[in-house]
Novice: 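Quick one: the structure is below, and I'll ask about it shortly.
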Amino acid sequence: MPMTPHVEKHFNASDAVRDIVIGMSDGLTVPFALAAGLTGAISQTHLIVTAGFAEIAAGSIAMGLGGYLAARSDAEHYPHEQAREEQEILAIPEAEAQEVRDIFQSYGLSSEECGAVVASLRQRPKDWVCFMMRFELGLERPKPSRAWKSALTIAGAYIVGGFIPLSAYLLLSNINAALRLSVFVTLMALAIFGGIKGRFTGVPILRSALQTSIIGGLAAAAAFGIARWIS
């Protein structure tokens, strides 16, 4: 009988999704909270729009730079740890071999089965180092272009998210009506974004949508209340 081919359906773009989540979450929440807070203190929409654009510019640059520096740190950390593993395999091979046995025994392999794997790795030092980097240290070799891609993805997602709550203040001159519309469109965007995030990360869609909406709503409500109380 013909066999149906097995297709692995794993999601492999976790880095890009993480960057989008970081940028979009802050982009939706921070300008939303800022606009809501200013609405509690001033009554001119053009001032809120100006402040919002300034915040989006500053926030996207700061978030993108943070993503770039984090990715660069990972890229610089990997070769340092790789050199140390190479030195340890040469200097203390028995200790490193025991670490390999410990790793496989944690998965239920017997001492005899571990011995065959260790003997094979001893014949391939480069593979031994790669094995230790991944399974002992939990490190994956970083991609050379990861830093710039991370920076641009986070910054771009922040800008897109930031324009959503400000759009109401661009369309409406009445500040109270603009606030109500901003609350509506932003909470809808947070819910949609949370649902999409849950779809890709494996979290229940409804729960992810509710969590994202509640966090963004609480941030805006807190900013609005503090600004209204101070003014």
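Quantities reported herein were computed from a predicted structural model and do not represent experimental measurements. The figures here come from the full heavy-atom set of this structure, side chains too, leaving out hydrogens, waters and symmetry mates.
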Novice: Quick check on the hydrophobic clustering: are Phe184 and Ile164 connected, directly or via other members, by side-chain heavy-atom contacts under 4.5 Å?
Specialist: yes
Novice: Can you list the residues that meet the side chain to side chain contact (heavy atoms under 4.5 Å, CB included) rule with Ile103, with sequence neighbours excluded?
Specialist: Tyr107, Phe131, Phe135, Glu136
Novice: Identify the two heavy atoms, one from Ala168 and one from Ala178, that lie closest to each other, and give their separation to 0.1 Å.
Specialist: CB-O, 3.3 Å
Novice: Any idea which heavy atoms bring Ser182 and Pro165 closest together, and the distance?
Specialist: OG-O, 2.9 Å
Novice: What distance separates Leu28 CG from Ile192 CD1, expressed to the nearest 0.5 Å?
Specialist: 10.5 Å
Novice: Check whether any side-chain heavy atom of Leu172 sits under 4.5 Å from a side-chain heavy atom of Thr45, and report yes or no.
Specialist: no
Novice: List the atom of Ser60, the atom of Ile159, and the distance in Å for their closest heavy-atom pair.
Specialist: CB-CG1, 3.7 Å
Novice: With sequence neighbours left out, what residues match Arg72 under salt bridge (Lys or Arg N to Asp or Glu O under 4.0 Å)?
Specialist: Glu76
Novice: Measure the shortest side-chain to side-chain distance between Pro31 and Phe163 over non-hydrogen atoms and say whether it is less than 4.5 angstrom.
Specialist: no
Novice: Working to the nearest 0.5 angstrom, can you tell me the gap between Asp26 CG and Ile56 CD1?
Specialist: 12.5 Å
Novice: Under the rule for salt bridge (Lys or Arg N to Asp or Glu O under 4.0 Å), what residues qualify as partners of Arg207, not counting sequence neighbours?
Specialist: none
Novice: Using 0.5 Å steps for rounding, measure from the CE atom of Met63 to the OG1 atom of Thr153.
Specialist: 12.0 Å
Novice: Could you pull out the closest heavy-atom pair between Ile205 and Gly195, with the gap in Å?
Specialist: CG2-CA, 3.6 Å
Novice: If every non-hydrogen atom of Ala51 is compared with every non-hydrogen atom of Leu38, which pair is closest and at what distance?
Specialist: CB-CD1, 3.6 Å
Novice: Do the side chains of Phe32 and Val183 get nearer than 4.5 Å, heavy atoms only?
Specialist: yes
Novice: Find the distance between OH (Tyr68) and CD1 (Ile61) and round it off to the nearest 0.5 Å.
Specialist: 15.5 Å
Novice: How many angstroms lie between CG in Leu170 and NE2 in His46, if you round to the nearest 0.5 Å?
Specialist: 12.5 Å
Novice: Can you hop from Met24 to Leu210 via hydrophobic side chains spaced under 4.5 Å?
Specialist: no
Novice: Given side chains that start at C-beta, do those of Tyr169 and Leu179 come closer than 4.5 Å, heavy atoms only?
Specialist: yes
Novice: Are Val160 and Met188 joined in one hydrophobic group, where the rule is that I, L, V, M, F, W and Y side chains link up if heavy atoms are under 4.5 Å apart?
Specialist: yes
Novice: Are Val185 and Tyr158 connected in a single hydrophobic cluster, I mean Ile/Leu/Val/Met/Phe/Trp/Tyr linked by side-chain heavy atoms less than 4.5 Å apart?
Specialist: no
Novice: Can you tell me how far NZ of Lys149 sits from CD1 of Ile154, rounded to the nearest 0.5 angstrom?
Specialist: 14.0 Å
Novice: Should Leu166 and Leu190 be counted in the same cluster of Ile, Leu, Val, Met, Phe, Trp and Tyr side chains packed under 4.5 Å apart?
Specialist: yes
Novice: What are the two closest non-hydrogen atoms of Ala71 and Ser150, and how far apart are they?
Specialist: CB-CB, 4.5 Å
